[in-house]
Amino acid sequence: MALKIYNSYTRQKEVFQSITPGHVGMYVCGPTVSGESHLGHARPYITFDIVNRYLTHKGYKVRYVRNITDAGHFEEEGREAEDKVSKKALLEKLEPMELVQKYTNLFHWAMLQFNCVEPSIEPTATGHIVEQINMINKIIAAGYAYETNGSVYFDVIKYAATHDYGKLSGRVIEDLLDAGSREVLSRELEGQREKRNSADFALWKSAAPEHIMRWTSPWGEGFPGWHIECSAMATKYLGAEFDIHGGGMDLQFPHHESEIAQSTICNHQAPVRYWMHNNMITINGKKMGKSYNNVIKLTELFSGNHPLLTQAFHPMVVRFFILQSHYRSPLDFGSEALVASEKALKRLWEAFEVLGKLEIDNEQLATDNELNDKVLKMLNELEEFMDDDFSTAKVLANMFELAPVINSIKDGHVKTTALAGSTLTLMQQQFTFYLVDIFGLTSMVSDKNNTLQGVMELLIDIRKESKAKKDYATSDKIRNQLNTLGIAIKDEKDGSVNWDLN
RNA sequence: GGUUCUGUGGCCGAGUGGCUAGGCAAAGCUCUGCAAAAGCUUCUACAGCAGUUCGAAUCUGCUCGGAACCUCCA
C-alpha cells in the first residue's frame with residue numbers, strides 16, 4: 001500500500017516517493033532554546049516522531065534532522081534590535097551559552113519523557129555560522145541579496161519576479177508589498193528603512209554594541225537571520241533537495257516561505273518535496289504562546305502545578321492525547337480532555353497487556369467466523385489509516401473497538417476458540433507494532449519491584465483468606481487502604497487477583 | 001483591513017455525497033459478599049438559512065460565530 005502525505009505546498013494528499021530509493025531526508029524545525037518548552041511544542045515533535053517511526057518501519061533509512069535554534073532572534077523587530085537569547089541572559093546574569101545549555105537539556109529531558117526517538121542529527125545554529133555566511137555569499141553573488149549598514153537582506157521583489165514567492169503560505173506578493181496593513185507603519189519606522197522593501201527579510205543582522213552573541217562576517221560583526229539557519233543546516237545534511245520538511249503551521253510564513261526562496265536561489269532548485277505542517281494546540285480556542293500569556297510548560301503539565309490543571313499528567317497521556325486527533329486539526333487543550341485521555345489510554349493499555357498474555361494455539365480455526373472476519377477487517381484497516389496521511393486517531397478508534405473483544409475473551413464471555421489462532425497472533429503483532437513501535441507508547445506504571453511484588457502477594461493472600469472466612473471487614477480494609485495508597489485490586493473472573501499502581 | 005482555515009451529540013474528537021467512528025461522562029443490566037475492573041445495552045449529533053442532488057455533516061451561496069498567519073512563535 002502506498003503512503004499518502006498531505007503536502008502543504010500543493011495543498012493535497014500525494015503519494016509519497018522518496019528521492020533516493022530506500023532513503024528519506026527529513027528536516028523539522030526544532031526549538032528555540034531561550035526558554036522552557038510548553039505543551040504547544042510537544043505537538044510537532046510527537047507528530048514528526050510518528051512520521052519518523054512509521055517511515056522507518058516502512059523500510060526507509062531515515063535521516064531525521066532537527067535543529068536547535070540557539071542563536072536567537074529579534075524580540076521586537078524595528079525597535080530594540082536585541083537578540084532574544086542575549087536579552088534574557090542579561091536579565092538573568094548568565095552567560096548566553098549557559099542559558100542555551102540549560103534549556104537544551106530541559107528540552108532533551110522532555111523528549112525523553114515523551115519517548116521520542118532522537119533525531120539522526122541535531123545541529124545547532126551557532127555551530128553552523130560558517131555555512132550560513134557561505135550561503136549568504138552565494139545569494140549575494142546571484143544578485144538576490146544586498147547589504148546595508150552591515151546587514152544583508154534578501155530581495156523578495158526580485159525573487160518574486162521570476163519565482164512563486166508566497167505559494168506555500170498562500171500569500172500574494174502584492175499584498176505583502178502593500179503597506180496598507182495595520183502594523184507596517186510602526187515596523188517601517190526605524191531600522192526597517194534600510195530594507196528596499198518591507199517584504200525583504202534579513203539574512204544577516206549587524207549587531208548592536210550590547211549584543212553578546214556576535215560573529216565576524218564579510219559585512220562586519222553580527223548574527224545570522226532566523227531563516228537562513230534552517231536552510232543552511234538542511235542543505236548541509238540533506239542536500240539541495242530533500243524529501244520532507246516539517247514544522248508548526250505558524251512557521252509557514254515567513255519562515256518556511258523564506259527558506260524556499262533562499263535555498264532556491266542558492267541551490268538552483270526548490271529544496272523540499274513534501275511540506276508538512278502540524279496544527280496548533282489551543283487553550284480555550286486560542287493558540288498557546290508566550291504572546292497570549294496562556295502557556296502551560298511541560299514541567300507544569302507533568303507536575304500538575306498550574307492553575308488550569310486539576311492534576312498532574314503522565315507524558316504518555318499527553319502523547320496519547322495528541323495522537324487522538326489528526327495532526328492537521330487544531331487541538332483544544334482542557335484538563336477534562338486530558339483526564340478523558342488518561343482513562344482511555346489506561347483502558348487500552350490494559351487490554352493490550354491482556355492480549356499479550358493470551359495463550360494462543362496457532363492451529364486453532366475460528367468458530368465464530370463473523371467475529372473473526374470483523375476483527376481481521378479492523379486489523380487490516382490499521383495500515384490503510386496510517387498510510388492515509390498518518391490518521392492515528394482512526395487507528396486508535398479501531399483498537400478501542402477491539403478492546404472489548406480482548407476483554408471478553410479474558411472474562412470468558414467470548415471463547416478463545418471464537419477467533420482463529422492466526423487472528424489472535426496477528427492482533428498481538430498489530431497492537432504491539434502500532435502501540436509500541438509506531439505510537440511510541442509505554443506503560444504508565446512505574447516498575448513494580450520485587451519487594452513490593454512480594455508484599456502485595458502477601459496482602460492478596462491474607463485478603464483471600466479473610467474472604468474465605470467471610471471476614472469482609474478485613475478484606476475490605478486491605479482493599480480500601482491500598483486504594484488510598486494508589487494501588488487498585490482487581491478480582492478477575494477466574495478467581496485470580498491482579499493489582500495495579502495508579 | 002488582507003489571506004487562509006474552521007464551527008460535529010454534556011465534553012474531547014474522527015469523518016468530505018448514501019454505511020453505528022472512537023474516547024470520556026451519564027443511565028440501566030450482567031458479574032461480585034459489596035465494590036472496583038470488565039462485558040452488554042441506551043443516549044444517533046453535524047452553527048443558521050437557502051440551493052444542487054434520488055440522497056448532504058460532507059458540494060454551492062449567503063448569514064452568524066471561532067481561529068491562524070500578515071510581527072518572535074511549534
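Model, not experiment: these values are computed from the prediction. Each chain gets a letter, A, B and so on, in the order the sequences are listed, and its residues count up from 1.
- Comparing the same atom, C1', in B:G48 and in B:G65 gives a spacing of 11 Å after rounding to whole Å.
- When both pairing distances are held under 3.5 Å, B:G17 makes no Watson-Crick or G-U pair with any nucleotide shown.
- For the C1' atoms, the distance from B:G66 to B:G39 is 41 Å, rounded to whole Å.
- Summarising the base pairing, B:U52 is matched to no nucleotide, lacking a Watson-Crick or G-U wobble pair whose two defining distances lie under 3.5 Å.
- Base-pair partner of B:A47: B:U63 (Watson-Crick or G-U wobble, both distances under 3.5 Å).
- A tilted orientation is assigned to the rings of A:Trp275 and A:His256, their planes being inclined by 30° to 60°.
- A:Lys287 comes within 4.0 angstrom of a base, heavy atoms only.
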Taking it one step at a time, do A:Lys377 and A:Glu381 satisfy salt bridge (Lys or Arg N to Asp or Glu O under 4.0 Å)? CA-CA 6 Å; A:Lys377 179 173 171 280; A:Glu381 278 172 343; 3.2 Å; yes
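- Here the side chain of A:Ser391 is nearest to one of B:G15, B:G13, B:A74, namely B:G15.
- Closest contact between the side chain of A:Glu401 and the listed nucleotides B:G22, B:A38, B:G39 involves B:G22.
- Within the 4.0 Å cut-off from OP1 or OP2 of B:A14, at least one side-chain nitrogen or oxygen of A:Ser329 is found.
- In this structure, A:Arg319 pairs ionically with A:Asp49, as a charged nitrogen and a carboxylate oxygen lie closer than 4.0 Å.
- Comparing atom distances between the A:Arg171 side chain and each of B:C70, B:C40, B:U4 picks out B:C70 as nearest.
- Taking only side-chain atoms of A:His41, from C-beta outward, the nucleotide of B:G23, B:A74, B:C70 with the closest atom is B:A74.
- Phosphate contact (OP1/OP2 of B:G66, side-chain N/O of A:Lys286, threshold under 4.0 Å): absent.
- Summarising the base pairing, B:C24 is matched to B:G10 through a Watson-Crick or G-U wobble pair whose two defining distances lie under 3.5 Å.
- Taking atom C1' on both nucleotides, B:A21 is separated from B:C12 by 14 Å, rounded to a whole Å.
- Relative ring orientation between A:Trp349 and A:Phe352 is described as perpendicular, the plane-to-plane angle rising above 60° on a 0-90° scale split at 30° and 60°.
- The base-pairing partner of B:C31, taking Watson-Crick or G-U wobble contacts with both distances under 3.5 Å, does not exist among the strands shown.
- Nearer to the 5' terminus of RNA chain B, by closest-nucleotide assignment, is the contact made by A:Arg11 (compared with the other of A:Phe253 and A:Arg11).
- Aromatic ring orientation, A:His255 versus A:His227: tilted (interplanar angle from 30° to 60°).
- Contacts between residues 306-318 of chain A and RNA chain B, counted as heavy-atom distances below 4.0 Å, involve no residue at all.
- A gap of 36 Å separates the P atoms of B:U53 and B:C11, to the nearest Å.
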Test A:Glu492 against A:Lys410 for salt bridge (Lys or Arg N to Asp or Glu O under 4.0 Å), laying out the working first. CA-CA 9 Å; A:Glu492 304 295 351; A:Lys410 183 187 107 181; 2.9 Å; yes
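- Just one of A:Asn278, A:Asn279, A:Thr47, A:Asp389 meets the side chain to side chain donor-acceptor pair (under 3.5 Å) condition when paired with A:Arg328; it is A:Asp389.
- For the OP1/OP2 pair of B:G39 and a distance below 4.0 Å, the side-chain nitrogens and oxygens of A:Asn407 include at least one atom meeting the criterion.
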Reading nucleotides 24-35 of chain B from the 5' end, what letters show protein touch, with B for base, S for backbone sugar-phosphate only, - for no heavy atom under 4.0 Å? SS-----S-BBB
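- Under the Watson-Crick or G-U wobble criterion, with both distances below 3.5 Å, B:A57 is left unpaired in every strand shown.
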